[in-house]
Q: 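Below is one structure. I have some questions about it.
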Amino acid sequence: MNKNTSHSSIAMRRCALALALAIGLPAGAALAQGAPQSVTAQRVDVVQLATGYRASKLIGADVFNNDKDKIGTVDDVIVSTDQQPYAIVSVGGFLGMGTRLVAVPFKQLKVADKRLHMDGATKESLKALAEFRYAKD
């Protein structure tokens with residue numbers, strides 16, 4: 001690369017940077033105006049939180065009852081509009097055919113021996129729950 005091309009390239013980069021800053025700064029200032037916002041921060045014990053249950057690890061986990069029978073599989077975890085977590089459990093079927101999705105309040109699930117348990121539940125009692133269907137986007 002010769003000297004003129006190098007100086008030209010640097011000049012173009014500086015011009016592009018100046019243009020980006022000139023366009024970006026006024027837009028940022030305009031967005032900053034308006035009603036003041038208040039954010040209430042709450043301290044979280046991140047060490048304790050890190051030992052909790054990740055949705056990515058819960059999805060696909062089997063659910064067992066008191067008799068150690070597999071009664072379903074977690075298909076999804078959903079937080080309702082009132083901020084309550086629910087496990088969407090797949091019940092019955094074989095190889096994905098004939099399965100039924102039901103919503104179970106997450107607090108009804110217990111974790112013991114690295115497994116999800118639902119005390120007093122059976123496949124039949126879960127199948128008797130209202131069928132869960134995802135809302136259309």
Q: If you look at every heavy atom in Ile88 and Ala103, which pair is closest and at what distance?
A: CD1-CB, 3.9 Å

Q: Treat each ILVMFWY residue as a node, draw an edge where side-chain heavy atoms are under 4.5 Å apart, and state whether Val77 and Val111 are in one component.
A: yes

Q: Can you find a pair of side-chain heavy atoms, one from Phe106 and one from Gln108, that are under 4.5 Å apart?
A: no

Q: Quick one: are Val104 and Leu126 in side-chain contact, heavy atoms under 4.5 Å?
A: yes

Q: Linking I/L/V/M/F/W/Y whenever any side-chain heavy atoms sit under 4.5 Å apart, do Val63 and Leu58 land together?
A: yes

Q: Is it possible for you to say whether Phe64 and Ile71 belong to one hydrophobic cluster, with membership spreading through side-chain heavy-atom contacts below 4.5 Å?
A: no

Q: So, for Asn66 and Met118, which heavy atoms are closest and what is the spacing to 0.1 Å?
A: OD1-O, 4.0 Å

Q: So, for Ser90 and Thr99, which heavy atoms are closest and what is the spacing to 0.1 Å?
A: OG-CB, 3.5 Å

Q: Roughly how far, to the nearest 0.5 Å, is CZ of Arg54 from CD1 of Ile59?
A: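 The distance works out to 11.0 Å.
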
Q: Looking at every heavy atom in both Leu116 and Asp62, which two are closest together, and how far apart are they?
A: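 Smallest heavy-atom distance, with atoms named: CB-O, 3.7 Å.
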
Q: Going hydrophobic residue to hydrophobic residue with side-chain gaps under 4.5 angstrom, can you get from Val91 over to Leu101?
A: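 Different clusters.
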
Q: My understanding is that only residues two or more places apart in sequence, or in another chain, count here; which of them pass ring pair (Phe, Tyr, Trp, His ring centres under 6.0 Å) with Phe132?
A: Tyr134

Q: Any sub-3.5 Å donor-acceptor pair from Asn65's side-chain atoms to Asp67's backbone N or O?
A: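 Looks like yes, one N/O pair under 3.5 Å.
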
Q: Between Leu109 and Ala87, what is the shortest heavy-atom contact and its length?
A: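 Taking every non-hydrogen atom into account, CD1-CB, 3.6 Å.
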
Q: More than 12 heavy atoms of other residues, nucleotides or ligands under 6.0 Å from CD of Gln48: yes or no?
A: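 Counting neighbours around CD of Gln48, 12 or fewer heavy atoms of other residues, nucleotides or ligands fall under 6.0 Å, so no.
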
Q: Between Ile78 and Val102, is there shared hydrophobic-cluster membership here, with clusters defined by ILVMFWY side-chain heavy atoms closer than 4.5 Å?
A: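 No.
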
Q: With sequence neighbours left out, which residue pairs that include part of residues 118-128 fulfil the side-chain hydrogen bond (donor to acceptor under 3.5 Å, both in side chains) condition?
A: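 Sorted result for residues 118-128: Thr122-Ser125.
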
Q: Quick one: does Arg115's side chain have a donor or acceptor within less than 3.5 Å of a partner on Lys110's backbone?
A: no

